[in-house]
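No hydrogens, no waters, no symmetry mates; every other heavy atom, side chains included, goes into these values.
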Amino acid sequence: MAPDILDLIRSTIRDVPDFPNPGILFKDITPVLANPSLLAQTIDGMIEATGITQVDKVVGIDARGFIFGALIAERLGAGFIPVRKKGKLPWQTRGIDYALEYGTNSVEMHLDAIAPGETVLLADDLLATGGTAGAALHLIEQAGGKVLGSTFFIELSFLGGREKVADSGPVHSLITY
Ligand code: AMP
């Protein structure tokens, strides 16, 4: 992607201090989503970074990962699979608990979402500590999916999340802080 477009995308991401908790600098991506040209170039960039042209399923994580994952899946001619917060999926699920800074969280995926041997790309809006993406990757691997890699719009590299997900294949991000 051209450096000037990347700069434009970076400057369109809005920093919101102290949201949702004091001390958190929230990366608000909605101004990028609202701009048709930047949205299209972001999706292209997230795909291009992976070098993937063919994949069976794209997994997106609740909730902003659904936006990126579904658009990426459509572009790649792949199916889209949601990983959701506990209790939201209607069919039989496989779940996993993972540690947050304070407490734990749980995510689930439908048991029949990924067939053994299918190739999978994971997509999410932001890689922070890597707990969420790491949990989603475990669910994919437990289902027998073959992870080709993970692609994030934003990576907060100072939180070290990349180390938690790197075991499951190459990790790509478009904008790094
Ligand atoms: P983590 O499990 O720590 O990697 O957190 C990843 C998830 O938390 C992402 O899916 C983001 O939606 C959200 N998140 C964490 N930190 C931020 C932040 N500073 N700005 C926006 N979203 C964040």
Side-chain angles (χ1 to χ4, degrees), residues 1-35 38-52 58-73 80-86 96-109 120-141 147-177:
M1 179 182 286
D4 55 330
I5 302 290
L6 216 48
D7 286 346
L8 188 56
I9 292 172
R10 184 184 287 267
S11 64
T12 305
I13 297 166
R14 178 164 49 201
D15 284 347
V16 183
D18 300 319
F19 182 89
N21 300 313
I24 303 286
L25 184 63
F26 192 85
K27 297 293 180 188
D28 177 16
I29 57 164
T30 61
V32 178
L33 300 179
N35 181 312
L38 295 186
L39 174 59
Q41 291 181 90
T42 295
I43 298 304
D44 285 345
M46 286 175 70
I47 294 171
E48 211 178 273
T50 67
I52 291 171
V58 177
V59 169
I61 306 174
D62 205 341
R64 288 179 291 272
F66 295 169
I67 302 164
F68 295 96
L71 288 169
I72 290 169
F80 173 74
I81 304 297
V83 163
R84 296 212 64 181
K85 287 166 190 150
K86 193 183 172 102
I96 186 167
D97 298 333
Y98 62 97
L100 295 173
E101 208 174 343
Y102 299 102
T104 61
N105 208 354
S106 294
V107 286
E108 296 178 334
M109 188 172 76
V120 181
L121 172 65
L122 178 72
D124 203 4
D125 64 326
L126 188 142
L127 178 65
T129 66
T132 314
L137 288 163
H138 270 116
L139 289 179
I140 296 165
E141 286 164 351
V147 178
L148 300 187
S150 308
T151 188
F152 300 90
F153 177 27
I154 297 170
E155 177 178 359
L156 304 182
S157 57
F158 52 91
L159 293 176
R162 182 172 279 262
E163 280 133 55
K164 271 203 203 128
V165 294
D167 281 354
S168 301
V171 184
H172 310 278
S173 52
L174 203 57
I175 306 278
T176 304
Y177 293 93

* Structure fact -> dist Leu71:CG -> Leu39:CG (nearest 0.5 Å) comes out at 6.0 Å
* To do: Side-chain contact test, heavy atoms from C-beta onward, threshold under 4.5 Å: evaluate it for Phe68 versus Ile29 and give yes or no.
  => yes
* Trace of the side-chain contact (heavy atoms from CB on, under 4.5 Å) decision for Leu174 with Thr42 -> CA-CA 8 Å; Leu174 203 57; Thr42 295; 4.0 Å; yes
* Asked: Taking side chain as C-beta onward, heavy atoms only, is Leu122 less than 4.5 Å from Leu137?
  -> yes
* Which pair of non-hydrogen atoms, one from Glu141 and one from Ser168, has the smallest distance, and what is that distance? -> OE2-OG, 2.9 Å
* To do: Work out which heavy atom in Ala133 is nearest to a heavy atom in Val165; give both atom names and the distance.
  => CB-CG1, 3.7 Å
* Of all heavy-atom pairs between Leu127 and Gly161, which one has the smallest distance, and what is that distance? -> CD2-C, 4.1 Å
* Asked: When rounded to the nearest 0.5 angstrom, what is the spacing between OG1 in Thr151 and CD1 in Ile47?
  -> 8.5 Å
* Specify whether Phe80 and Phe66 have parallel, tilted or perpendicular ring planes, treating 30° as the upper limit for parallel and 60° as the lower limit for perpendicular. => perpendicular
* To do: For residues 4-13, pull every pair meeting side-chain hydrogen bond (donor to acceptor under 3.5 Å, both in side chains), keeping only residues two or more places apart or in separate chains.
  => none
* Under the salt bridge (charged side-chain N to carboxylate O under 4.0 Å, His left out) rule, collect the residues that match up with Asp28, sequence neighbours excluded. => Arg14
* Find out whether Arg64 and Leu126 are in side-chain contact, i.e. whether some heavy atom of one side chain is under 4.5 Å from a heavy atom of the other. => no
* Supply the atom-to-atom distance Asn35 CG to Ile9 CD1, rounded to the nearest 0.5 angstrom. => 9.0 Å
* **Distance, nearest 0.5 Å, that separates CZ of Phe26 from CG of Asn21** => 11.0 Å
* To do: Could you grab the distance from atom CE of Met1 to atom CE of Met46, nearest 0.5 Å is fine?
  => 10.5 Å
* Test item: Val83 and Asp62 side chains (from C-beta on) under 4.5 Å apart, heavy atoms -> no
* Asked: Got Phe152 and Val171 here, is their nearest side-chain heavy-atom distance under 4.5 Å?
  -> yes
* Asked: Any donor-acceptor pair under 3.5 Å linking the side chain of Ser157 with the backbone of Tyr177?
  -> yes
* Flag side-chain contact, heavy atom, 4.5 Å: Thr132 against Asn105 -> no
* **Contact check, side chains of Tyr98 and Val107, non-hydrogen atoms, under 4.5 Å** => yes
* Below 4.5 Å, heavy atoms only, C-beta onward: do Ile175 and Lys27 meet side chain to side chain? -> no
* Asked: Between Pro82 and Met109, which heavy-atom pair has the shortest distance, and what is it?
  -> O-CG, 4.2 Å
* **Side-chain donor or acceptor of Lys164 paired with backbone N/O of Thr129 under 3.5 Å** => yes
* **Gap separating the CD1 atom of Ile43 from the CD1 atom of Ile72, nearest 0.5 angstrom** => 5.0 Å
* Test side-chain contact (heavy atoms from CB on, under 4.5 Å) applied to Arg84 and Glu108, step by step -> CA-CA 5 Å; Arg84 296 212 64 181; Glu108 296 178 334; 5.7 Å; no
* Least distance between heavy atoms, Pro20 atom then Ile24 atom -> CD-CG2, 4.3 Å
* Heavy-atom pair of closest approach, residues Gly69 and Ala123 -> CA-CB, 3.9 Å
